[in-house]
Visitor: 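This is the structure, below, for whatever I ask next.
Small disclaimer: the values here were computed from a predicted structure and weren't measured.
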Amino acid sequence: MIGVPAVIKALWLLGWALVRSLLRRLVTRRDGIHRFQKNYDPDALPAVTPDERHIIPEFSRCIACGLCDRGEGERIANSGGAYRGVMGLMVSSSRGMPDFRAAAYSFSFVPDGVLEAKERLCPTGVPMRQIARFVRDKADAVGGPLPLPAQLASLPSRSEIGV
């Protein structure tokens, strides 16, 4: 019988917490988007619209097979390490909310025409252009893609130096 008072106290505390939560909901304004923005604006994480929430599950089709990285060597080299291939962008953009500004910067190394061709090669049908558009839109909402560092902007491409 020693555990009975603890059980009663636990039930009373849970019941009181439930009543308090319900009362708080009745008397306080529900302003979820404002609270979200207050919480996440310093992290540059914009809110997702209902339409975007509907399409996001399509983004996670990537199985990291690496087929989309074929032929990306020159773009990877020209990026100076900022871009590591299409597969990395697909995986990072679909498994969580990336740093949209950095991801948009990385997507700037891959033209939409290349993404379209890689979509046709993808065995799982990852919507690469749609992911790129989503990332760019979210980056624009928080200040646009990161700027190209001066040392990269001044480098000639590998094709310009004959490599």
Side-chain angles (χ1 to χ4, degrees), residues 1-69 72 76 79 81-112 114-116 118-149 152:
M1 291 306 220
I2 294 174
V4 174
V7 169
I8 291 172
K9 182 178 179 181
L11 289 172
W12 184 84
L13 287 172
L14 285 171
W16 174 244
L18 174 65
V19 169
R20 200 174 68 202
S21 302
L22 293 174
L23 287 174
R24 187 177 292 149
R25 279 188 167 204
L26 288 174
V27 294
T28 58
R29 258 181 61 217
R30 295 181 90 191
D31 194 15
I33 192 68
H34 180 268
R35 290 174 62 200
F36 178 92
Q37 289 169 334
K38 183 180 175 186
N39 244 356
Y40 291 105
D41 276 355
D43 297 329
L45 186 62
V48 178
T49 67
D51 289 338
E52 290 168 338
R53 275 194 298 277
H54 181 71
I55 62 168
I56 285 175
E58 299 294 314
F59 295 174
S60 62
R61 292 181 184 169
C62 181
I63 58 171
C65 67
L67 288 174
C68 57
D69 280 342
E72 291 300 300
I76 291 169
S79 77
Y83 166 66
R84 297 180 184 238
V86 175
M87 185 185 73
L89 287 171
M90 295 303 116
V91 170
S92 68
S93 298
S94 65
R95 303 301 193 267
M97 293 296 162
D99 179 342
F100 289 112
R101 295 186 72 204
Y105 171 68
S106 293
F107 269 113
S108 70
F109 291 96
V110 190
D112 280 347
V114 170
L115 291 175
E116 181 180 10
K118 292 185 181 288
E119 281 177 358
R120 290 191 297 269
L121 294 173
C122 182
T124 59
V126 174
M128 296 177 191
R129 290 172 294 162
Q130 196 173 19
I131 292 172
R133 189 170 32 257
F134 172 78
V135 167
R136 289 178 188 130
D137 289 348
K138 292 300 168 192
D140 288 344
V142 292
L146 294 175
L148 187 64
L152 290 180

Visitor: Roughly how far, to the nearest 0.5 Å, is the CD1 atom of Ile76 from the CG atom of Asp69?
Guide: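 Output value for this atom pair is 5.5 Å.
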
Visitor: Would you say Arg53 has more than 12 foreign heavy atoms packed within less than 6.0 Å of its CZ?
Guide: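 Above 12, so yes.
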
Visitor: Of the non-hydrogen atoms in Pro57 and Ser60, which two are nearest, and what is the gap between them?
Guide: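 Here Pro57 and Ser60 meet closest at O-OG, 2.9 Å.
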
Visitor: Looking at every non-hydrogen atom in both residues, tell me the closest pair between Val142 and Arg101 and how far apart they are.
Guide: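 Scanning both residues, the minimum pair turns out to be O-CD, 3.6 Å.
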
Visitor: Drop me the distance from Leu121's CG to Glu116's CD, to the nearest 0.5 angstrom.
Guide: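 Reported to 0.5 Å precision, the distance equals 11.5 Å.
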
Visitor: So, taking the atom named CZ in Arg25 and the one named CG in Leu22, what distance separates them when rounded to the nearest 0.5 Å?
Guide: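 These two atoms lie 7.5 Å from each other.
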
Visitor: Under 3.5 Å, side chain of Glu52 to main-chain N/O of Thr49, donor-acceptor pair present?
Guide: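 Yes; at least one donor-acceptor contact below 3.5 Å.
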
Visitor: Identify the heavy atoms of Leu67 and Pro123 that sit nearest to each other, and give their distance.
Guide: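 Taking Leu67 first and Pro123 second, the nearest heavy atoms are CD1-CD, 3.8 Å.
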
Visitor: Measure the shortest side-chain to side-chain distance between Met128 and Leu89 over non-hydrogen atoms and say whether it is less than 4.5 angstrom.
Guide: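 When only atoms from C-beta onward are counted, Leu89 and Met128 do not touch, as no gap falls below 4.5 Å.
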
Visitor: So do Lys118 and Met90 actually touch side chain to side chain, heavy atoms under 4.5 Å?
Guide: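 Not in contact.
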
Visitor: Starting at CZ of Arg136, measure out to CG of Asp112 and round the result to the nearest 0.5 Å.
Guide: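 The CZ atom of Arg136 sits 4.5 Å away from the CG atom of Asp112.
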
Visitor: If you look at every heavy atom in Ala132 and Leu115, which pair is closest and at what distance?
Guide: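 Smallest heavy-atom distance, with atoms named: CB-CD1, 3.7 Å.
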
Visitor: Using 30° and 60° as the class limits, which term best fits the ring planes of Phe109 and Tyr83: parallel, tilted or perpendicular?
Guide: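 Parallel.
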
Visitor: About how many Å separate CD1 of Ile56 and CD of Gln130, when rounded to the nearest 0.5 Å?
Guide: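 Reported to 0.5 Å precision, the distance equals 10.0 Å.
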
Visitor: Shortest non-hydrogen contact from Ala104 to Val135?
Guide: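 Result for this residue pair: N-CG1, 3.5 Å.
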
Visitor: Considering non-hydrogen atoms only, spot the tightest contact between Lys138 and Ala47 and give its length.
Guide: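 Looks like NZ-O, 2.7 Å.
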
Visitor: Got more than 12 heavy atoms from elsewhere within 6.0 Å of CZ, Arg129?
Guide: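 Yes, the 6.0 Å shell around CZ holds more than 12 heavy atoms from other groups.
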
Visitor: First locate atom CD1 of Ile8, then atom CG of Leu13, and finally report the distance between them rounded to the nearest 0.5 Å.
Guide: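 Between atom CD1 of Ile8 and atom CG of Leu13 there are 12.0 Å.
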
